Amino acid sequence: MDIKAYIALSLTLFTIGIVGVLTRRNAIIVFMCVEVMLNAVNLLLVAFSNMHAASTAAKALPTFASDAQIFVFFIMIVAAAEVSVGLSIIVMLYRNTHSIDVNFLNRLKN
Amino acid sequence: MNAILLSAIWGVLMMFSGVFIKSKTTPKYLAIVGIIVVFIANALELNAFNIGSLHLNIDTKEMLNINSFNLTFIAVVLACTLLFFLLSGRDIEKVGEHVGEYFALIFFVICGVCLSATYNTLLLLFLGIEIMSIPLYILTGSDKRNLKSNEASLKYFLMGAFSTGIMLMGIAFIYGGNANGSFFINNIQIGEGTMPVMIAVGLVFMIIALSFKVSAAPFHFWTPDVYDGAPTVFTSFMSTIVKVAGFFAFVRLFENAFGKVQGQWQNLIVFITVMTLLIGNVTAVFQQSVKRMLAYSSIAQAGFMMLAVFALNDRAKEGLLLYAAAYSIATIGVFAVLIKMNDYTIEGFNGLGKTHPLIALCTTVFLLSLTGIPLTAGFQSKFFMLMAAAENTGKFWLVIVAVLFAAISAYYYFRVIQAMYFKEPGVEVIDDKDISTPFKIMLAIAAILIIAIGIYPEFVVGWMYHS
Amino acid sequence: MNNVLQIVWLIPFLPLVGFIITGIFRNNLSKGAAGLIASAAIFGSFALSVFVFFQVKAGNTHVAHYFNLFKIETLTVPFEFKIDQLSTLFLLIITGVGFLIHVYSTSYMHEEDSKDFSKYFSYLNLFVFSMLLLVMGGNYVIMFFGWEGVGLCSYLLIGYWFKNNDYTNAAKKAFIMNRIGDLGFLLGLFWLISVIGTVSYDQVFSATSLARLSTTDITGITLLFFVGACGKSAQIPLYTWLPDAMAGPTPVSALIHAATMVTAGIYMIARSNILYTMAPATQNVVAIIGLTTAIVAASIAIKQNDIKKVLAYSTVSQLGYMFLGLGVGAYTGAVFHVMTHAFFKALLFLGAGSVIHAMGGEQDMRNMGGLKKYMTITNITFLLGCIAIAGMPPFSGFFSKDEILAGAFAKSPLLWGIGVAGAMMTAFYMFRLYAMTFLGKFRGTHDQEHHLHESPKAITFPLIVLAILAVVGGWIGIPEIFIHGGHKLEAFLEPVFAQSNAIALKHEISHNTEFLIMGVSVLLSLLSLLFGLKKFSTYNGDNEVPAIGLTRVLENKWYVDEIYDKVITQPFKSFAAFFNNVVEKKGIDGFVNGTGKFVNYGSRQLRWLQSGQVGAYILLMVIGMLLLFIIQLFIKN
Amino acid sequence: MGITTISFILLSIMAIGSGIMMILSKNPVNSILWLIVLFFAISGHYILLNAQFLAIVNIIVYAGAIMVLFLFVVMLMNLNAESEPAKNKRLQFIAIISGGSLLLILLSAIMNVKDAHPVMVAGGNAGLIKTLGKVLFTDYVLPFEISSVLFLSAMVGAVVIGKKD
Amino acid sequence: MGTFITFPELLLWLPLLAGIICFFTKDEKSVKAIALTGSLFVLAVALISLLYTADTYATYNAVNYLWLRNLGTSFYISLDGSGRILTLLTAVSFPIIFLSTYKNAYKNAGAFFGLMMLAECGLMGVFIAKDALVFYFFWELALIPVYFLCSKWGGEKRIQATFKFFVYTFLGSLLMLTGIIYVYLHTGPRLFEDGVQSLHSFSLASFYNSNLNEGEQSWLFWLFFVAFAIKMPVFPFHTWQPDTYDQSPTPVTMVLSGIMVKMGLFGVIKWLIPIFPLAIPKFTNIVMILCVAGIIYASCIAMLQTNLKKLVAYSSIAHIGLMCAAIFAMNEMSLQGVMIQMFSHGINIIGLWIVIEMIEGQTGIKNMSELSGIAQKAPVLTIMLVIIAFANIALPLTNAFVGEFMMFAGIYQHSIWMAAVAGLAIIIAAVYTLNMVQKVFYGNTNSVTANFTDISFVQKLGLGLIVVMIFTFGVYPQPMIDLAKEAVTSLTAVK
């Protein structure tokens, strides 16, 4: 299994996320698309870590590849935190406007 | 290190103060004390570092890199924050109920700032930036009744999350392309000649993400709206301290990780710099609301700071320090005055020179500094930046372009000055009851600081060269 | 008593003092005092000049060097006076005639209130001061000081009655015309400096520096100098200011626009005679211009009715004669004519002044006539003046003019022929003037008639003196052919023109031919004189026929003013207007403001990027990402 | 074609498909469900890559906690399909074009790199909880502590924003 | 022997001090008094310093403070040649300006005179700076107060006019700044007294022998020249000037036209020609053609002006153009001429402004065609004006004559035709000056001028001083020439 396959896969997911962000107007969906992007990254990181683990230099220390996985772990942490904040913002917005359409509010322009 | 720990701890303290202390004014003083404590701790560390003996030595596994440069920078940031508290503390209280929490969040941001000033691995860069951003999403939306504030925070949050994704993608590619398979920024194997494609891709992703954080065109679109919508106090905070921190992270990453192959990515920076200068300056010309104008001007200033990323030499570092100080002090000052205004449009400033000469004078000093008139800190910082860019040979035209746009910037800053001095005062420019004498004194001190740095910049830069 | 030459600086200094006193205390000086001070100042310098004259006659000339006007490595301009035969002669003329005219003015200007009275005299003194500076100056720069100074004074004096717009216009015209000449003079001067790096006469005319001048240099320099002379001495094409200058008080016309200032050009050329002798081309130009001016001016004078205008044009034409003399190398003749002309022209002007005074400001000859029986002295003196200018032997005009004509003949008979024609016209219009003024019967109004009277002593005294001079003044220059060694003046001036005479090729003309041409010119002018006298002695306004053809042209002064206006003034004005309205406002300033407008416009356009919608923002960001990736990955630098 | 390859392909198709379905489905609830499917697919990849810990965490944190949170919010706002007006078509078209071209650019850049980097599949013990735990609490103790600040701020934020006043 | 305080410092700090005091003084009378005394002190210093020009007094005339050493710059100021003349001009002008406008009342006088003194400080700084950075500092510092003065106390269209002026000059000086940076990066290292060594140096001396090849010099030349050309201003960079002169309060206009324009000339003399010796020959002709064209152009426009102030403004453009051309003629004669003329022009034009100020002050009118016959009402004023006006068109025995004579002679040596064309300005100048005199002073009085009163004693004093100087330097300019000698020789050495 070559790394390129994983790159392709995660880039595709990443792009799907982007396109989602661009095309949807529902704040929650948009936010979920961002989550998709993050997951694409996670996948890629893990793949890379194993790639490095496969490389000769890695043989030296066993925990070599775990850096990336720790990183992914932190990404998840951050994602969780962001979700809590993000959702609270969206809820607040909904409370004030009864809409979560990202284009509904554009008082701020020009 | 001290700064990181203490600011985090103090953040927790503030958080609880919000719970236990009912009085609305106490948290402010607590925060002021806190920032002073952090500052002193940092100063001690800086001093200790310069004489070569660190007191408490936490083994960070090289994940943090402490040196006089970034300690000085932290010192500058903390000083600016102190000034910010002193000038606008009372306005923070006005924003809403959770005064303690606001301060707590600000402290967390400071913690993030310190992280992104000292990080040595991409992981901590990521964490630092996130710790900077997430509280800001909140602060932006903290004026809950105000739809503008809501809108701003939503926009900021969505685009921020988006940029986080991009940055992570960049980190992933850099990690993948790095044969050493490590996240340490000074342990990235780029090799000779053109860098590996994956590194290149990752690098571009990083440039995009960081440009977003420092609001450099064409990734600046969140800036005007967010700065405009957020409560003015927090705009003042995030448009100064957070932004310069972003730049510091930017410079730090690209100096340590990709400094060797500068030639291969400089064009991108040039492109971004020119775009930023153009959009920032030109769009600011038309603005009617001073707040929004300042938002655009902050983009314009970012364009100048990009020159530091472009140059990446010692002069650039000095310039960045100076810029951090000059730009932050001036902007905080202007915002502090702006908050007091009843009318945020330029006409709102009409005749301020007659009704409040001192305030008008200080504001003028700040604006002159932002324009970059000699004898103000603003000139020195711009000057250092230009020098840095010029020393980095080959693209002198960039310096000239930057200067041309600086001339344009005179246009919109001076509109405010004209309004203050040469127009007749309208109805009730400021209601005097929230102009306290200490406020005036602080304002004057800020103005004097600007002049002092303008006359003798080594006052700031010198710290880098003690060792 | 050599010490006179040591205190020669007093000569210009006295008038300066007079100027300062009368100028500063103008408000508290009585008329008498002002007149007295002014005249006394001039008389003082006249007396000094006489002493100086004897010194110089005794043969000791002198260069008085006072201080350095400025001194840099490449050029030194000292403040120095040069006292030699030429300048002494002019000193005498200026101070002498000047003194008489001051005396005359004391009475002539008496109607003015004391303020303006002393202002008038201060100007007059200032003029004499500058004129003295001009002729005494030991180098071209000092000469230029005087040169511009007299211009200024003539400006001030022509515009003396500054309430009247025409007068101030005339003054302006005079000054600007002079400025044009001055520019020529200056350029010549710069040329001189750039070649030989000095301006002092002694050094410029020294053999060594003359050797450094190529033919082009000399020709160029002399021509440029001549342009200056044209301006100052009212030669074609710059003569039109002089007739207008008659707007000034009559004594001023007498002093400045007849006797002294206008001869500055002749003085300058005579002073630098050696340069002109070395540049034959320029000499020809000078001669031709001079002659043309003489003829044209004379022709105009024939049809003028304003008494002062006639005299003005006659001055122009006499000046033309002098330039003719200079052009043909008869320097002595020219200077001689300057002197005699000073006498009789001053006389005529003062006489005219006396007439105008009597007529209560009336200047049109058609309203005069028959004044002979009212003002005897004026009449006689005026007649003498007319005869003198008409060149009747043995009056002064005869000798000087004859010398010039002889010189012209020596150069080429054609010049002589035209010159004689001019002389005839002169005789004609002068006696037309005389007849219309003094003969026939009075044509003015009655109240004019019954206060006609002879002018007071202060006026008649100068007339008499000048009349005498006009008669005998020529006897110091009686040609060889009458008395051997009769030409005292030539002998006196010999050292000044020595260099020129040394190199100028002399074509001698035999005595017989000289007698012949003399006789012819005298005869012809006598005829036209009598014709004029007969034609106009019975003049009364009725036989006026509307002028046609040439006469019309002459009455309108060959339309020169109109032509200048159309060809030079108007085009230049519209040119300037084009600059002001198009280039300045639309062009340059338009561009500057345009830049600002452009920035504003760009700002108004750019802000549409900020549509306020997150989707659009992110889309733009993505597009930006695309750009960056393309730059980085596909554009190889 | 080994078992791993086949499962890789299957999981990838599943992931991409569910992703696409997520952004296409009008009803938020559906897209949330699709997203959960996506997460499962990715967890499958983790297992394939021998990162069991991450796989579990992914399921628990994402598919479990976060998605439930989302679902909760959506339910709270009882959004149904009509609630979201569609973006105008032109904009969507541009969006898809630009997104696609971005993908193409990156792929074309990366794919034409000659040298192959095999990925170690189903091997090594880097992904084991034991290893990760050791690493996390030795080398990564600092970030671990720092991340607490993140959580605190998030918590405070949630309070500030969410608390009714 | 060490000196306690040097002349340049005094020239710099005295006005600053006076200015600061003015700011904090409320009462108008005392403010004026303070400003006047301050300027008189400065004048005294400037005059005394003339006694110490000899090299033996070097320590009195130069001082060098350590400042930003790792940038290779230091606060180095000293009095010499052209700088000395211009400081003298500045020192002389300000008291005259204050005297002649003494009776004018300003709202918020403290700020007004404070800014005036600040402007003087800035000007002094420009003329004595020997370090590029210091030079640039003062260059801007002179601009800012003037900007505020113009747009606070000026005419009704003041804000646009002066803002145009500000942005224009600011742009120019920024370009110069980039030029300075570039040159700086090509200077040699600099070792300071205390042993600090910097890679490059901002000192004027090191700028003079920077290692720039011809190509670099030729574009840097324009970066600098544009800044100076805008300041002077030289055609076609002049369009800010007439409006600004027209709109700003007359004392400020005097400073602008009398002294500030000299900043540009001074810059060319000290900061342009010696720094880019290789570029000069290439561009001499272009610049001179610009200048000469400007001379004619401005004179023509001046001839059409009916607004007194604009007339003087355009005539000033013409004069400056002549001086600039003379500088680039680069021979001893022309340069000496410039040195003298810089001083004379300052004096004369200030005189003209004073007169115009008096007329406008009394009648409130600056349009010539509405004025007439003032000569009858105010003979003294008229005489003064006529003298100054004729000095302005360089009549002999006035100070301007010597200068223009030398300049023309010098230009002539460089190129006959330019001298000839520029000479036309002599005639045109006569035209518009006489027009002005005729329209305003001659003729009969009209409703406006019917009850015009002659000038007061103080004004007489101010104008009298000017007239005296006009004649003194007209008859005996030698001292001025000796003063400028070293500057001139150092310049001619460049060629």
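Everything numeric here is computed off the predicted structure, so don't read it as measured data. Numbered from 1 within each chain, the chains take letters A, B, ... in sequence-line order.
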What part of [X] gets within 4.5 angstrom of chain D, counting heavy atoms only: side chain, backbone, both, or neither?
X	result
A/Leu11	both
A/Ile28	both
A/Ile90	both
A/Phe74	side chain
A/Ile77	both
A/Val85	side chain
A/Leu45	neither
A/Leu13	side chain

Sequence neighbours excluded, which residues qualify as side chain to side chain contact (heavy atoms under 4.5 Å, CB included) partners of D/Ile96?
A/Val19, A/Thr23
Parallel, tilted or perpendicular: which fits the ring planes of A/Tyr6 and D/Phe8, with parallel below 30° and perpendicular above 60°?
perpendicular
Angle class for the D/Phe53/A/Phe73 ring planes (parallel below 30°, perpendicular above 60°, tilted otherwise)?
tilted
Mind listing the closest non-hydrogen atom pair of [X] and [Y] along with its distance?
X	Y	answer
D/Ile66	A/Ala80	CD1-CA, 4.1 Å
D/Lys26	A/Arg24	O-NH2, 3.6 Å
D/Met77	A/Ile100	SD-CG2, 3.7 Å
A/Asp101	A/Ser99	N-OG, 3.0 Å

Just wondering, are more than 12 heavy atoms of other shown residues or ligands nearer than 6.0 Å to CD1 in D/Ile129?
no
Might you work through the side-chain hydrogen bond (donor to acceptor under 3.5 Å, both in side chains) test for D/Asn50 and D/Gln52, ending with a clear yes or no?
CA-CA 6 Å; D/Asn50 195 15; D/Gln52 303 92 335; 2.7 Å; yes
Which of residues 36-46 of chain D have a heavy atom under 4.5 Å from any heavy atom of chain A?
D/Leu38, D/Phe39, D/Ile42, D/His45, D/Tyr46
[X] versus chain A, heavy atoms under 4.5 Å apart: side chain, backbone, both or neither?
X	value
D/Leu54	both
D/Ile94	neither
D/Ser153	neither
D/Ile161	both

For residues 7-19 of chain A, pull every pair meeting side-chain hydrogen bond (donor to acceptor under 3.5 Å, both in side chains), keeping only residues two or more places apart or in separate chains.
none
Among A/Val46, A/Ile18, A/Leu87, A/Asn39, residue most engaged with chain D (heavy-atom pairs, under 4.5 Å):
A/Asn39
Mind checking the CZ-CG spacing from D/Phe137 to D/Leu132? Nearest 0.5 Å is all I need.
10.5 Å
Rounded to the nearest 0.5 Å, what separation is found between the CG atom of A/Asp67 and the CG atom of D/Asp139?
7.5 Å
Sequence neighbours excluded, which residues qualify as ring-ring contact (aromatic ring centres under 6.0 Å, His included) partners of D/Phe72?
none
Out of D/Ala158, D/Pro143, D/Ser147, D/Ala15, return the one with the most heavy atom pairs under 4.5 angstrom to chain A.
D/Pro143
Specify which of D/Ala65, D/Gly100, D/Ala51, D/Ser98 makes the most heavy-atom pairs with chain A at under 4.5 Å.
D/Ala51
